[in-house]
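All remarks here apply to the structure that follows.
Below, chain A is the first sequence line, B the second, and so on; all start at residue 1.
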There are 2 protein chains.
Amino acid sequence: MPTVRGVDERKVPTIYDVAAACGVAPSTVSRAFSRPGRVNAETAARIRQVAEEMGYRANPLARALPTGKTSLLALVVSDVTNPFYFEIIRGAELAATEADYTLLVADVHESATVERKALERALPLVEGVVLGTSRMSDSAIRVMAQQRPTVVLNRVLTGIPSVITDNARGARRAVEHLASLEHRTIGYLAGPEASWADGMRWRAMREAAEMLDLRVQRFGPFAPTLAGGAEAVPLVVASNVTAVVAYNDLVAIGLMRGLAAADVRVPRDVSVVGFDNIFGAEICSPALTTVAAPLTALGKYAVQTLLAGMSSRTPPQTRPALLPAELIIRDSTARRARRRRS
Amino acid sequence: MPTVRGVDERKVPTIYDVAAACGVAPSTVSRAFSRPGRVNAETAARIRQVAEEMGYRANPLARALPTGKTSLLALVVSDVTNPFYFEIIRGAELAATEADYTLLVADVHESATVERKALERALPLVEGVVLGTSRMSDSAIRVMAQQRPTVVLNRVLTGIPSVITDNARGARRAVEHLASLEHRTIGYLAGPEASWADGMRWRAMREAAEMLDLRVQRFGPFAPTLAGGAEAVPLVVASNVTAVVAYNDLVAIGLMRGLAAADVRVPRDVSVVGFDNIFGAEICSPALTTVAAPLTALGKYAVQTLLAGMSSRTPPQTRPALLPAELIIRDSTARRARRRRS
DNA sequence: GTGAAAGCGCTAACAT
DNA sequence: ATGTTAGCGCTTTCAC
């Protein structure tokens, strides 16, 4: 009788099959792969050869059970749909693959609850995790960090390795740029209260403004989305700022679109600068001046840091790694002009 | 002596610990969770209670080893960095989570080799895979489909379940729209040769054009990127088309930017329509008219189809699922005007 | 309804 | 250098 199932379920060869075919013990086969030094060179070669012919592949599950080595890393992002993460994921993936790890990307939809659930699900599977813009509390992060090696992105947490963008410097550059264009009073569109980066950006801006003798005004908080930026329109219009720095590019773009709809011209009437340089900052109109985050590098470096911490016996370096931001000047900023209205 | 390791490695309780604490056999604990019906209601309740108190969580690895149930699904995408996938990933993630599965996203950088490697790595771990815009050959896909339940996205493969966008209908709509704006000769910017969708779109366009008595001209192939669209600029300018349909939004946006640089106005001089309606189609300038793919639904439905095929004993439905596309009219298309040059 | 025991495929002592 | 044995934590017959 032919097999009942539609598809032939060819049995995957195990280490026992290879051992039998070679006339050696299973443990020898295992050694031939994991500890080639400790086995006769010829037997090892023969084993590999036979294994190859049989199409043997070690079952990663079976290997992971006794050793704990799953070769899996988790990257949790607050929202996969946010262009901010695209390059970060790519970078993380690159670094993981390079080290023979597979990356598990978990999307938590901006929810601390979902984040906790996803983590609970993924944690036993992975050897380490990088938290991208986590919405969890510091203490919750610390708790999970003692279950698995952890590195956090875009946030500083004493005792936990982290990699962040040097947004303070970026914010200063943005303010200097605006000052050089003769803007005297600039607005800041704040992001979510819980955002660590938001605090950094605002503080740096205020300090820079003070040094340059500018006035700054804070609006918000707004959701870190296009809609959030749109919401800011009436406030900006009603104020007397001639330039605004937004929490991120999405907010900046949302603002620009809303401004256009309200017949306020960018950069003629008001200059706009964003943060991050996501995909979209270049194609929007006018092209957005922005403080570019080293997205790919961020992802890559985060998993490299994680991997390093995992392999070393000593507690990992916990001083945050600061990656440089760069101000990219495009078309949304220009020399200050007379305001259209009082 | 305190523990040597910096972090307390609190041992995770196993089924044995719970069993001991309850005074029952390990198998009973197992049953209490997996087959609650077959165990005394009271004991079951007590076991769950104790397990809860001890913070017991079944080790997914250990569970997967004898059963093969890893609760992992793979989604392989040709390029995570492509906005086309954002919503697809989100949809797939949603459907997976809903069914208590975790999604493994693999990025293959537009390379068949990397794709094969990634698959080889992930396959033994997952219970099923959805292939998003695979770059592998049909036969390679068939081979892997007999190792694990598979569904393909944006491609039709007899014998393999697939879910695709009804781009033929979308392409027709686009042509009709252009015809209604009095365009008589329209161009098509082709995507990669290996793209199944490209063939569909081009064919449907040609047929629609014939019915409406329009002339169509094919340019390319181009890379499915902004750069690819930019490349097309001289060809389009040199031709006598008054409207162009691009393989996808990225190409369309690239084209529009190039056109702007060449001082050709969209839509005054030439109308442009894209495919997919990715993030960016709305924020670019002018906002892009495009054949919107049901991105989130695509991802969601693919996973649901996969899951359905996995659980049913009967061979899965292999007639491709056709999800509707919708023409979204924005600012990049307008009534035909006199060409600027002969 | 519950317990005992075998086994998933691999690794890691421990022997030889 | 190689074979033997005992698990890793869970599921699943098979008895009772």
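Counting to the nearest Å, the C1' atom of D/dC10 and the CG atom of B/D17 are 13 Å from each other. As rounded to whole Å, 13 Å separates atom P of D/dC8 from atom CD1 of B/I15.
Nearest nucleotide to the side chain of B/V24, out of D/dT11, C/dG3, C/dG9: C/dG3. Taking every side-chain heavy atom of B/T67 into account, D/dT11 is the closest of C/dT2, D/dT11, C/dT11.
Between A/Y16 and C/dT11 there is no side-chain polar atom (N or O) within less than 4.0 angstrom of OP1 or OP2. OP1 or OP2 of C/dT2 sits under 4.0 Å from a side-chain N or O of B/T43. Note on A/S30: a side-chain N or O is less than 4.0 Å away from OP1 or OP2 of C/dT11. Phosphate proximity of C/dT11 to A/R63: present, with a side-chain N or O under 4.0 Å from OP1 or OP2.
For the pair A/R57 and B/E120, the salt-bridge criterion is met [side-chain N within less than 4.0 Å of a carboxylate O]. Salt bridge status for B/R148 with B/E127: absent, with no side-chain N to carboxylate O gap under 4.0 Å.
The base of C/dG1 is not paired with the side chain of B/R35 by any donor and acceptor separated by under 3.5 Å. Applying the 3.5 Å distance criterion, the base of C/dG3 shares a donor-acceptor pair with the side chain of B/R31. No N or O donor and acceptor, one from the side chain of A/S27 and one from the base of D/dT5, sit under 3.5 Å apart.
Side-chain contact between B/T133 and B/R135 is present, with at least one heavy-atom pair separated by less than 4.5 Å.
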